[in-house]
Amino acid sequence: MPEVKEERKEVEVDMKEVKVDLKEVRIDLKAVKVDMKEVEEEVREAVGMVRGRLTSCDWLTEADFPQDDFQHLYCLIRNMVERKESNSLLIIGPPGSGKTALWKGAWRILMENMPKLIKSCTLVELNGLIHVDDRLAILEITRRLRLEDVAAAETFSSHAENLRYLLSRLKDDDQKRGMVIVLEEFQLFSSHRNQTLLYNLFDVAQSSQTPMCVIGVSSRLDVLEGLEKRVKSRFSHRHVYLFPRRNLPDIHALTRRIASLPDAFPHPAFQKEWNLRLDALLRLPSVESVLRRLCDLGFNFHVLRAFLFLVISNLNASHPYVTEEDVTRAASLFFYNQRASLMQGLSILEISLVIAIKHLCKIYNGRPFNFEMLFHEYEKFALRGSSIHVHDKAVVAKAFENLLTLKLLRRVERGEMGSGSVPKEYRLYEALMSPEEISEHLMNLPSIPTDLQQWLTSQLE
Ligand SMILES: Nc1ncnc2c1ncn2[C@@H]1O[C@H](COP(=O)(O)OP(=O)(O)OP(=O)(O)O)[C@@H](O)[C@H]1O
Ligand SMILES: [Mg+2]
């Protein structure tokens with residue numbers, strides 16, 4: 001009995017110690033509050049830095065651009081500034097191929113390399129969507145050349161005269177000022193009346209009266225077709241074509257370049273941790289497969305930018321580093337497919353037909369098929385003793401029409417296959433989804449019967 005009493009005493013002593021521990025925890029909590037503020041600041045700066053890179057191209061260096069194209073443009077502007085040589089050039093590439101970034105980069109780097117010389121040169125940026133006629137374009141040129149007062153004192157009988165006057169002022173200037181004029185959405189300028197602006201700009205650039213560099217920027221390959229003969233003949237026919245073909249390692253490197261924090265980041269410990277975690281993240285197979293999917297979409301800077309915006313959108317003090325979940329969440333939002341939601345409303349018969357389409361695509365390597373072939377595939381499965389009800393051909397035809405209306409498949413036009421007028425059931429159709437897409441969307445349906453699920457995943461016989 002006395003032994004038991006002694007044990008109780010020991011327990012009491014332990015409880016006191018626990019109380020002391022709790023006090024210590026309170027002190028720790030205060031410290032944590034201070035840390036949270038710091039982390040908040042660190043995350044804010046890190047996200048701000050990545051966002052800055054996603055929204056502007058000022059951080060890009062010469063090495064980030066395709067070298068030949070960069071040099072072409074850089075030398076053209078440099079020759080105009082240094083030797084007063086006039087010229088014209090077109091930058092052509094699909095949206096998001098880096099056209100604007102290229103000329104802005106060439107201009108900015110030249111400004112850094114030759115600050116004194118470039119002061120005698122004016123950059124005028126026009127956009128076909130904003131400067132929709134010659135009057136607006138000339139007003140902008142006047143404003144950029146700071147000749148508003150001089151121009152207001154004169155009267156002009158035409159826009160051409162007005163423009164010639166402005167350009168002659170450049171020529172007469174003591175310093176012989178030069179001008180780089182960039183025409184974004186170049187194809188829209190060809191719809192201006194008589195193409196006066198283009199004619200005069202190219203004419204001046206060709207005749208070297210005034211040092212001037214005319215840079216047209218467009219996404220249209222056939223942009224020259226819209227030019228009048230007299231305008232076309234005055235263009236230098238220099239082109240820069242931008243078709244960024246990037247493979248997975250390139251996208252990997254670019255993502256790292258955009259998302260990593262520089263050594264000069266004001267919080268070194270956070271910077272180190274952020275970069276270590278980023279490297280580990282980029283090595284994960286799930287992240288790699290998302291990047292591969294972006295690559296398969298056809299590389300485009302706009303697409304990568306929009307995706308990375310989504311990835312960093314959830315960061316805050318309590319979630320300071322990008323995780324695998326952030327990437328997969330962004331991917332599910334980004335690759336959200338309207339067809340996937342359409343699938344949720346399909347009847348069992350329609351789902352059966354979609355599965356039959358998937359098998360036909362596999363059997364015939366994506367070549368077009370007709371309703372008879374589809375019905376045969378469906379019937380083969382339904383008669384194989386599955387629990388699925390075998391519908392009449394007319395009912396199946398109606399379900400097939402529904403799939404057409406939902407744009408899950410499309411008719412191959414007569415011209416494309418060279419067939420004349422064909423009976424309805426032999427008309428050719430092709431699926432607007434790949435077999436993999438069909439599998440992916442249908443597998444996610446909660447209510448799909450087991451028979452259909454097995455048919456969906458079954459390999460071809
Ligand atoms: N070489 C590059 N490396 C990294 N980022 C780039 C590069 N070139 C462009 N970007 C980024 O990609 C985005 C889109 O580029 P840009 O605006 O130049 O494309 P664009 O071809 O002019 O597109 P649009 O036809 O829509 O005007 C920009 O945010 C830019 O900062
Ligand atoms: Mg652009």
Side-chain angles (χ1 to χ4, degrees), residues 47-74 76-77 89-112 123-132 137 140 180-191 213-224 226 238-262 278 282 291 294-295 297-313 330 334:
V47 171
M49 183 157 277
V50 177
R51 271 203 199 123
R53 288 189 187 147
L54 292 173
T55 46
S56 123
C57 49
D58 292 348
W59 60 282
L60 295 172
T61 63
E62 191 179 331
D64 290 309
F65 299 108
Q67 276 312 292
D68 291 349
D69 301 331
F70 180 86
Q71 282 307 326
H72 195 162
L73 200 61
Y74 184 89
L76 202 84
I77 306 177
L89 171 127
L90 269 181
I91 306 177
I92 296 177
S97 52
K99 303 181 292 296
T100 307
L102 180 69
W103 73 256
K104 283 198 169 163
W107 172 262
R108 180 174 44 84
I109 291 167
L110 193 69
M111 274 211 312
E112 285 161 13
L123 173 71
V124 180
E125 190 183 343
L126 299 180
N127 191 315
L129 291 168
I130 300 166
H131 307 104
V132 290
E140 178 64 12
V180 173
I181 181 157
V182 181
L183 306 166
E184 286 270 0
E185 306 294 341
F186 181 79
Q187 72 283 358
L188 298 177
F189 286 93
S190 55
S191 63
C213 203
V214 183
I215 301 173
V217 183
S218 178
S219 305
R220 294 269 301 262
L221 260 178
D222 62 347
V223 62
L224 280 184
R238 285 173 192 272
H239 294 99
V240 163
Y241 290 103
L242 289 181
F243 291 102
R245 272 184 211 91
R246 312 255 166 162
N247 49 25
L248 190 61
D250 291 339
I251 297 196
H252 221 266
L254 187 59
T255 309
R256 197 186 179 286
R257 178 139 167 67
I258 294 172
S260 61
L261 297 179
L278 178 68
L282 287 172
L291 291 183
L294 283 176
C295 189
L297 278 178
F299 179 75
N300 175 332
F301 284 116
H302 288 326
V303 170
L304 182 68
R305 200 171 63 147
F307 176 70
L308 293 179
F309 259 122
L310 278 178
V311 172
I312 58 164
S313 62
F334 198 75

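Note that the structure is predicted; figures quoted are calculated from it, not measured. For ligands, and for the atoms within them, numbers begin at 1 and follow the listed sequence.
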Protein contact to [atom] [nearest heavy atom, distance to 0.1 Å]:
atom: atom 22 (O) of ligand 1; answer: Thr100 OG1, 2.7 Å
atom: atom 26 (O) of ligand 1; answer: His302 NE2, 2.8 Å
atom: atom 7 (C) of ligand 1; answer: Phe301 CZ, 3.3 Å
atom: atom 19 (O) of ligand 1; answer: Gly98 N, 3.2 Å
atom: atom 1 (N) of ligand 1; answer: Asp64 O, 2.9 Å
atom: atom 31 (O) of ligand 1; answer: Cys57 CB, 3.4 Å
atom: atom 28 (C) of ligand 1; answer: Arg305 NH1, 4.2 Å

>> Assess the residue pair Cys57 and Arg108 against the criterion (side-chain contact (heavy atoms from CB on, under 4.5 Å)); give the C-alpha distance rounded to whole Å, side-chain angles, the decisive distance to 0.1 Å, and a yes or no.
In response: CA-CA 10 Å; Cys57 49; Arg108 180 174 44 84; 5.9 Å; no

With a 4.0 Å cut-off on heavy atoms, does [X] reach ligand 1?
X: Leu54; answer: yes
X: Ser56; answer: yes
X: Gly96; answer: yes

[X] N/O under 3.5 Å from ligand 1 N/O:
X: Leu60; value: no
X: Trp59; value: no
X: Ser97; value: yes
X: Leu102; value: no
X: Leu254; value: no
X: Lys99; value: yes

> Looking only at heavy atoms, is any part of Ser219 under 4.0 Å from ligand 1, and if so is it the side chain, the backbone, or both, or is it neither?
Replying inline: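 The answer is the side chain.
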
> Heavy-atom count around Asn247 CG within 6.0 Å, excluding the residue itself: above 12?
Replying inline: yes

> So how far is it from Arg53 CZ to Leu254 CG, rounded to the nearest 0.5 Å?
Replying inline: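 Arg53 CZ to Leu254 CG: 11.0 Å, rounded to 0.5 Å.
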
> How long is the gap from CG on Leu221 to NE2 on His239, to the nearest 0.5 Å?
Replying inline: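 So the gap between those two atoms works out to 9.5 Å.
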
Closest non-hydrogen atom pair between [X] and [Y], with its separation:
X: Leu73; Y: Ala106; result: CD2-CB, 4.0 Å
X: Leu76; Y: Cys213; result: CD2-SG, 3.6 Å
X: Phe186; Y: Val223; result: CD2-CG2, 3.4 Å

> Any side-chain heavy atom of Val217 sitting closer than 4.5 Å to one from Val182?
Replying inline: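 Answer yes - side chains close enough.
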
>> Could you check whether any side-chain heavy atom of Val240 comes within less than 4.5 Å of a side-chain heavy atom of Asp68, counting everything from C-beta outward?
In response: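 No; the side chains remain at least 4.5 Å from each other.
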
> side chain to side chain donor-acceptor pair (under 3.5 Å) between Thr100 and Glu184: does it pass, once the steps are laid out?
Replying inline: CA-CA 8 Å; Thr100 307; Glu184 286 270 0; 3.0 Å; yes

> Is a salt bridge present between Lys104 and Asp58, judged by a nitrogen-to-oxygen distance below 4.0 Å?
Replying inline: no

> Relative to the Mg ion (ligand 2), how many protein N, O or S atoms have a separation of less than 2.8 Å?
Replying inline: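 Number of qualifying protein atoms: 1.
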
